[in-house]
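Inspection log for the structure reproduced underneath, given as structure tokens.
The first residue in the sequence is number 1, and the count goes up from there. Below, each value reflects all heavy atoms present in this structure, side chains not excepted, and no hydrogens, waters or symmetry copies.
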Amino acid sequence: MPIFSYIGFDAAGARKSGTLEASGRSSALGQLRERGIYPTEVSEQTPAATQRRARLFARRVSSMDLATTTRQLATLVGAGIPLDEALATVGEQQENPQLQRATERVRDMVIQGSELHAALASQGKIFPELFTNMVAVGESGGNLDKVLEQLADYYEDAARIAARILAAMIYPVLMAAIGVAVLFLLIAFVLPKVTRMLEDMDRALPWPTALLIGTSDLLAQWWWLLLLAGGAAAVAWSRYLRTPAGRLRYDRFRLRLPLFGRLSLELAAARFARTLGTLIRAGVPLPKALEISRGLLGNRVLQEAIDRTAVAVREGESLAETLRRSGLFPPLLTRLAAVGEKSGHLDAMLLRAAASYEQQAELTIGSLLALLQPIMILVMGGAVAFIVFAILLPIFEASSGFG
């Protein structure tokens, strides 16, 4: 019989915790009620090895998963269905096991009297801070269904952008994989046989052939050392990026890159504007909305600029002027923010800026991929041509000598 661990309180308010055996979660909850314990958390105990395997193979909760769940919940709540029943219905339709379990836990906490945003926040990183804060605003304002619809729109837009970027990247990634596979087959299987034949010629080899044979021997004899060196370099680079100074230098370098720096800034500006606009429209105060939006930028340089902006806004300064003064954010964003502050429609202007930058980012990605594809073809074709040339050159020279 499964064993469940629980944390809760008794009628006197004393904290209680422990374990019990039950046939299922409902049975465990019934036993606790009979004991006079009001649980805040009930979870089935799983062996450590099973937990590790579950975490390893668990399907990540994507933006589309959150969008679908939120849209269903908004529809049910808007139809007047009680929240616990709406959560039960949404949980039954979940295809993501991790999100299904989280939804069931949220429902149990809501039944026990917890507010929805607090129950969502207790599920770790499954429901982001943006999600829980907007739900809290919706609960306090009595318009939870409207806020959930805004959240669904937000995550649907995020999933749409991610899907377009992924679709655009499939072709060049596939080309690169095929090219690397061809080079590997040539070097690993074709070249060693040809090398033995060339070495039996007992004559000086042309430098392209000597270079190719040397590279092949290096890979054949010292591949393990190269793997170790690559792994060590990757670990060192990862640790360097974990340091505040290292991350700051790397993020500053990313913004200065030709083409890619512009793309990185456009994507960050779109994400920031959409998140901030969505939060403001839901009723989240601007300083808190800036704090939440900051975490979604993915760039330490921009995050520090938002930190300074939040301080300035708390002191009564204009959002648009503070963003402009940072010198980092694109002019369109700051100008639309200024128009939004003057007209009282800051949320709408920010969402308009987000749509514009998302469109620009898609065009930039298309341009980069259009440029990248012929470059990849030239690089892969050049590598294959060099290998073929290095193999055939000594054969031609030998034939000429015999002739």
Student check: side-chain heavy atoms of Tyr155 and Thr68 closer than 4.5 Å = no
message = Quiz question: by atom type and distance under 3.5 Å, do the side chains of Gln123 and Arg105 form a donor-acceptor pair?
response = yes
Side chain proximity check, Val135 to Phe127, heavy atoms < 4.5 angstrom = no
message = Measuring centre to centre across the rings, with the benzene-like ring taken for any Trp, is Phe272 within less than 6.0 Å of Phe329?
response = yes
ask   = Between Arg294 and Glu291, is the closest basic N to carboxylate O distance under 4.0 Å?
value = no
message = Taking the side chain as everything from C-beta on, heavy atoms only, tell me whether Met134 gets closer than 4.5 Å to Leu279.
response = yes
ask   = Can you list the steps and then say if Arg274 with Arg271 is a side chain to side chain contact (heavy atoms under 4.5 Å, CB included)?
value = CA-CA 5 Å; Arg274 184 164 295 283; Arg271 196 180 307 118; over 6 Å; no
inquiry  = Please find the pair of heavy atoms, one from Val110 and one from Ala119, that lie closest to each other, and give the distance.
reply    = CG2-CB, 4.5 Å
task = Considering only NZ, NE, NH1 and NH2 on the basic side and carboxylate oxygens on the acidic side, decide whether Arg262 and Glu266 come within less than 4.0 Å.
result = yes
ask   = Would you call Lys288 and Glu129 a salt bridge, taking side-chain N to carboxylate O under 4.0 Å as the test?
value = yes
key: Side-chain donor/acceptor of Thr89 to backbone N/O of Glu85, under 3.5 Å   = yes
task = Could you tell me whether the side chain of Glu139 and the main chain of Leu116 form a donor-acceptor pair under 3.5 Å?
result = yes
ask   = Do Ile111 and Arg107 have side chains that get closer than 4.5 Å, going by heavy atoms?
value = yes
ask   = Do Thr69 and Gln94 meet the criterion of a side-chain donor-acceptor pair at a distance under 3.5 Å?
value = yes
query = Are the side chain of Glu341 and the backbone of Leu319 linked by a donor-acceptor contact shorter than 3.5 Å?
reply = yes
ask   = Side chains of Thr275 and Tyr154: is there a donor and an acceptor less than 3.5 Å apart?
value = yes
ask   = If only atom types and distance count, is the side chain of Thr334 paired as donor or acceptor with the main-chain N or O of Pro331 below 3.5 Å?
value = yes
key: OG on Ser326 to CD on Glu304, rounded to 0.5 Å   = 12.0 Å
key: Option among Asp145, Asp65, Asp153 that satisfies the salt bridge (charged side-chain N to carboxylate O under 4.0 Å, His left out) test with Arg71   = Asp153
task = Please answer whether the main-chain N or O of Asp108 pairs with a side-chain N or O of Gln112 as donor and acceptor at a distance below 3.5 Å.
result = yes
inquiry  = Salt bridge or not between Arg254 and Asp251? Use side-chain N to carboxylate O under 4.0 Å.
reply    = yes
